[in-house]
Amino acid sequence: MKIAYYPGCTLKNRARDLDRYARETASALGCEFEEIPLWQCCGGAYTSAKDEIATKLAAVRALAAGRDMGGRVVTVCSACFNVLAQTNREFLVNPDFDFKVNNYLKGDPAYHGEASVVHYLTLLRDEIGFDAVKARVTNPLKGKKIAAYYGCLLLRPSEALAFDDPEDPSVMEDFIRALGAEPVNYSMRNECCGGYLTLEDREAAKKRSNAVVRSAAENGADFMITACPLCMYNLTKNADEKIPVRYFTDVLAEAFGLKEGAAE
Amino acid sequence: MRKIGVFVCHCGTNIAATVDVKAVAETLGREPSVVVSEDYPYMCSESGQNLIKDSIRDYGLDGIVICSCSPRMHENTFRKAAASAGLNPYMVEIANIREQCSWIHKDKAEATEKAILLGKAAIAKVLLNTPLIAGESGVVKRALVIGGGIAGIQTALDIAEAGFPVDIVEQKPTIGGKMAQLDKTFPTLDCSACILTPKMVDCAQNENIKIYSYSEIESVSGFVGNFTVKIRRKARYVDETKCTGCGLCTEKCPVKKVPNEFNLGLDNRRAVYIPFAQAVPKIAAIDADYCNMLKNGKCGLCSKVCTVGAIDYKQEDTFVEERYGAIVAATGYEIADVSRYGEYAYNQSKDVVTSLELERLMNAAGPTGGTLLRPSDGKHPHTIVFVQCVGSRCTPDKGKPYCSKICCMYTAKHAMLIREKYPDTEVYVFYIDVRTPGKNFDEFWRRAVEEFGVHYIKGAVGKISPRPDGTLDVQGSDLLMDEQLHISADLVVLAAAIEPSKTARSLATMLTASMDTNDFFTEAHPKLRPVESPTAGIFLSGVCQGPKDIPETVAQASACAAKVIGLLSKDKLKGNPCVAHSDEMMCNGCSNCANVCPYGAITYSDKEFRMPDRTTKTRRVAWVNPAVCQGCGACTVACPSGAMDLLGFSNSQIMAEVDALCR
Amino acid sequence: MNDLKDRVVRMSGSRVERCMRCGKCSATCPSYEDMEYHPHEFVYLVERGDVEKLLASESIYKCLTCFACVERCPRGVEPAKVVEAVRLIAVREQGKNRLKPDDLPALTDADLPGQALATALRKYAK
């Protein structure tokens with residue numbers, strides 16, 4: 001299986017492992033991530049204002065490329081997933097947006113929301129299947145208690161993302177089980193880490209990270225997993241309590257035995 | 001040449017302020033065939049009616065047009081007046097110049113012009129009216145009540161008291177409904193079972209009442225006064241005529257882990273069970289999903305211990321067919337699913353419960369014997385948070401758009417009872433509004449605050465988080481303090497929205513009774529005919545029509561019974577003569593009309609027709625049963641050959657009206 | 001005044017008049033204690049046409065756009081979109097960028113992902 005892949009900027013510098021292990025594990029499962037040529041930064045955040053058109057054009061270009069490369073775009077970063085999926089949704093609910101975007105882009109053919117956006121986690125769940133993931137595991141993470149951290153960007157707004165139950169998600173927990181580890185249920189897993197507020201008001205952002213990490217620690221987590229570089233930053237840098245935080249692809253690569261000699 | 005009279009009503013200033021009634025009367029008076037045209041301040045008054053009657057006699061009128069309010073209001077009044085003056089009541093036409101004219105226009109000249117047009121259309125129609133005579137049909141003197149909760153019970157008792165036989169069909173093995181599950185009732189705090197069970201026993205003992213428990217409606221046909229209903233009696237694998245309700249089988253059954261629906265799954269029952277001690281009828285039932293004998297033929301213990309040989313594993317569903325003059329829907333409600341609001345953690349913690357579950361947790365016959373204990377660890381809760389409006393008052397995509405109406409009061413009741421019995425327990429109630437209209441209702445919730453020290457917080461709960469120490473972190477807002485607060489609770493109670501029974505929609509289809517978008521039955525008139533369905537002979541009792549508490553349900557149930565009694569007291573029913581009929585010479589037997597008829601009034605038969613060459617030919621033609629037809633006219637529109645026509649609203653009459661408007 | 005309200009309503013697409021004042025948005029907001037005006041007050045002030053108070057408040061920079069309020073609002077009001085619209089009106093004004101590229105070096109460290117800078121510029125600058 002080949003699928004158009006949108007890595008996003010951060011995966012090309014600060015979060016190289018998130019990118020590398022995503023490709024390697026996917027390929028180990030028989031799925032080739034085909035990088036969209038000449039992709040541009042998604043902007044990091046989706047702006048909900050109806051009159052914001054220009055800031056969404058890069059995402060539309062990626063979506064149009066996905067359409068032309070087989071109809072789908074897979075992402076690994078939560079933020080990219082959120083931006084692409086929300087942008088795509090806007091085509092379906094807002095004809096004015098469709099009109100203005102195509103006026104700008106003059107793409108050939110015009111883009112009308114034909115592509116679908118998938119996250120690597122839902123690709124694992126819905127198409128590859130966690131049974132296949134489990135079967136591929138050579139190095140099960142036995143006895144590890146892992147806290148899945150969803151944050152906001154994977155889940156909300158659920159209407160546009162259709163990723164998982166926004167209040168009681170399970171895809172990452174099922175993922176953890178497939179790797180032979182034990183998921184830790186904790187109530188802050190779908191609450192915000194502090195996000196970009198870390199640049200505006202670090203003290204306020206710290207409160208958020210602290211609440212999340214404390215909740216995971218209280219429930220006995222050995223480490224946390226995330227799909228988002230900004231969450232990773234906030235949870236490791238801002239929280240007073242220290243629990244290791246890892247990318248889910250990193251953990252997946254470990255379970256697949258693909259990490260020998262990898263840069264840690 | 002017909003002689004038509006026109007009567008223009010002022011309706012005080014309702015019409016006259018916007019429509020020049022004199023000009024209307026004068027203009028219409030110049031229409032061909034009109035021999036008299038008058039205006040009058042209140043045509044519906046006795047003197048107004050006398051004006052009409054006198055004119056009919058004096059001018060020998062053979063048709064009249066009343067320019068007044070909607071025919072929904074006074075058509076009947078004027079038809080009766082006409083009849084008393086010797087004119088066939090169906091020679092009366094109403095031009096609605098109030099709702100459809102004066103009330104919706106501001107410009108007097110425009111409104112007057114429109115009133116004149118409406119009058120002309122009515123004159124054009126009445127010129128083609130024919131005298132109609134309503135047919136008569138008999139009334140089967142037996143009523144059917146669907147649903148055996150307090151609504152159905154009360155309606156059945158009242159009908160039976162009036163001397164008419166009445167059958168209750170209840171899908172559960174016992175009557176009693178939701179009220180049987182409640183602990184105490186507001187605002188008097190008397191025990192629910194203590195006031196309900198005597199009524200249940202009355203039902204069982206009343207010789208006019210027959211209870212079909214564990215039964216469902218299979219099909220309904222017929223029409224007001226003469227319905228035929230097929231009832232499915234589900235196999236309970238226990239012979240009702242033999243079982244004494246001793247309960248021995250329910251003690252010996254080895255299958256012990258069946259979720260007990262009467263206690264909302266908070267404890268277990270056996271595979272053979274009697275729902276609760278005061279069940280009516282007190283007859284056991286075997287749950288086929290769990291019984292080992294029925295599943296794999298291995299057991300048979302209940303049969304061995306039964307001293308009267310009532311157990312019958314071979315029992316099958318049976319059917320009863322019965323005729324009824326009237327049918328009452330009393331299908332009640334269910335608790336809406338609160339697990340869709342994941343932020344309240346209902347699926348994540350056993351200590352987040354619905355209010356109905358709390359009723360069982362406080363009830364002496366409940367899983368905890370009446371001591372309030374947490375479902376998770378059986379410990380006594382010291383801090384309890386109530387959350388109001390869970391799933392009510394939402395936009396339709398988020399939940400129910402209506403207020404469930406009973407939650408404010410039962411929450412005050414719960415809070416009060418808990419504070420009274422366990423003074424060491426702190427009780428918080430998050431509310432958006434406290435809605436307590438009703439006799440002694442507002443006083444009731446004030447007592448919860450003023451005498452029992454319940455903490456009412458104006459605000460909502462945003463998230464409930466189960467914590468490792470077994471407590472629940474309740475994150476809410478206090479809008480009066482403009483604060484976000486966290487309460488560490490041992491138990492959280494959700495005031496879940498109520499919704500109509502899941503069975504109501506399919507039943508409504510069988511009854512051809514209309515429903516609103518929330519699946520509540522629609523009443524014939526929201527104010528003036530609140531216990532009748534728009535479908536003749538179908539009556540509404542209890543929450544199936546809209547959220548209501550017990551006092552209101554009982555009042556409505558009795559009102560419903562009064563309407564049923566009124567119907568059953570009649571020997572003959574006058575039908576509506578404005579029904580469809582098919583011109584057999586034009587009918588091509590295509591079935592379009594039967595397919596669109598919502599009342600099942602149209603049937604087909606093969607008829608022999610003599611052809612011009614004296615041969616005969618058999619053709620399939622439609623026939624409308626005038627007793628079933630409600631005169632909606634759907635068939636006349638669907639008919640491709642123009643064979644179907646509606647008496648009183650014929651195609652030619654309607655075309656004449658349109659012509660008059662376009663002239 | 002009403003001009004501003006119209007702009008907020010148009011930009012956010014929020015139906016502020018649907019609010020039944022339950023306060024669930026403020027019950028769920030993670031930034032609550034760092035805000036002077038809380039989500040329900042944003043909705044209420046916009047409904048009243050009192051947008052200037054909000055424009056002048058630091059609260060507009062504290063919203064995390066985490067969408068918890070949007071997800072949980074029983075009336076589909078979408079408070080976070082209201083906050084975003086008000087903030088955009090503020091930063092789009094000439095010279096009113098909350099965050100300037102020149103500020104960034106001081107706020108950055110070796111681990112900060114580029115995503116954070118991109119996002120912050122989206123949120124705090126035009």
Winner by heavy-atom pair count (cut-off under 4.5 Å) against chain C, out of A:Cys152, A:Cys41, A:Cys42
A:Cys152
I need the A:Leu199 CG to C:Thr108 OG1 distance, nearest 0.5 Å.
7.0 Å
Without swapping roles, check the side chain of A:Arg208 against the backbone of C:Pro30 for a donor-acceptor pair under 3.5 Å.
yes
Does a side-chain heavy-atom distance below 4.5 Å link A:Glu200 with C:Lys123?
no
Using heavy-atom distances under 4.5 Å, tell me whether A:Thr10 contacts chain C through its side chain, its backbone, both, or neither.
side chain
Cut-off 4.5 Å, heavy atoms of chain A, and the answer for C:Asp103 is neither
Taking atom OG1 of A:Thr55 and atom CG of C:Leu121, what is their separation to the nearest 0.5 Å?
12.5 Å
Heavy-atom proximity to chain C below 4.5 Å, by part of A:Lys12
neither
Determine whether A:Leu197 and C:Ser31 make a side-chain contact, defined as any pair of heavy atoms from C-beta on separated by less than 4.5 Å.
yes
Restricting to non-hydrogen atoms, name the atom on A:Thr47 and the atom on C:Arg122 that form the minimum distance, rounded to 0.1 Å.
OG1-CD, 4.0 Å
Could you check whether atom CD of A:Glu241 has more than 12 heavy atoms from other residues, nucleotides or ligands sitting under 6.0 Å from it?
yes
Check whether A:Ala15 gets within reach of chain C through its side chain, its backbone, both or neither, counting any heavy atom under 4.5 Å.
neither
Do A:Glu203 and C:Asp34 come within less than 4.5 Å of each other through their side chains, counting heavy atoms only?
no
Kindly compute the distance separating CD (C:Gln115) from SG (A:Cys9), expressed to the nearest 0.5 Å.
9.0 Å
Under 4.5 Å heavy-atom distance to chain C, tell me which part of A:Cys80 shows up: side chain, backbone, both or neither.
neither
Full working for salt bridge (Lys or Arg N to Asp or Glu O under 4.0 Å) between A:Lys237 and C:Asp111:
CA-CA 9 Å; A:Lys237 280 272 176 174; C:Asp111 299 319; 3.0 Å; yes
Given a strict heavy-atom distance threshold of 4.5 Å, which part of C:Ala68 is in contact with chain A: side chain, backbone, both, or neither?
both
Indicate whether the side chain of C:Thr65 and that of A:Tyr46 have a donor and an acceptor atom separated by less than 3.5 Å.
no
Assess whether a salt bridge exists between C:Arg72 and A:Glu191, defined as any Lys/Arg side-chain N lying under 4.0 Å from an Asp/Glu carboxylate O.
yes
Do you know the tightest heavy-atom contact between A:Pro157 and C:Phe67?
CD-CD2, 3.6 Å
Are C:Arg10 and A:Asp51 within salt-bridge range, i.e. N to O under 4.0 Å?
no
Cut-off 4.5 Å, heavy atoms of chain A, and the answer for C:Leu88 is side chain
What I want to find out is whether A:Glu52 reaches C:Arg92 closely enough, with some N-O distance under 4.0 Å, to be called a salt bridge.
yes
Side chains of A:Arg156 and C:Cys66: does their closest heavy-atom pair fall under 4.5 Å?
yes
Can you confirm whether the side chains of C:Glu71 and A:Ser158 place a donor and an acceptor under 3.5 Å from each other?
yes
Mind listing the closest non-hydrogen atom pair of A:Ala45 and C:Thr119 along with its distance?
CB-CG2, 3.3 Å
For C:Tyr61, which atoms come within 4.5 Å of any heavy atom of chain A: side chain, backbone, both, or neither?
both
Counting heavy-atom pairs under 4.5 Å to chain C, which of A:Gly8, A:Gly151, A:Pro229 comes out on top?
A:Pro229
Nearest heavy atoms of C:Gly114 and A:Asn13, plus distance in Å:
N-OD1, 4.4 Å
State plainly whether the residues A:Asp201 and C:Lys62 are in salt-bridge range, i.e. N to O under 4.0 Å.
yes
Go through A:Ala79, A:Cys192, A:Gly44, A:Ser48 and name the one with the most non-hydrogen pairs under 4.5 angstrom from chain C.
A:Ser48
Any side-chain heavy-atom pair from C:Pro113 and A:Tyr233 closer than 4.5 angstrom?
yes
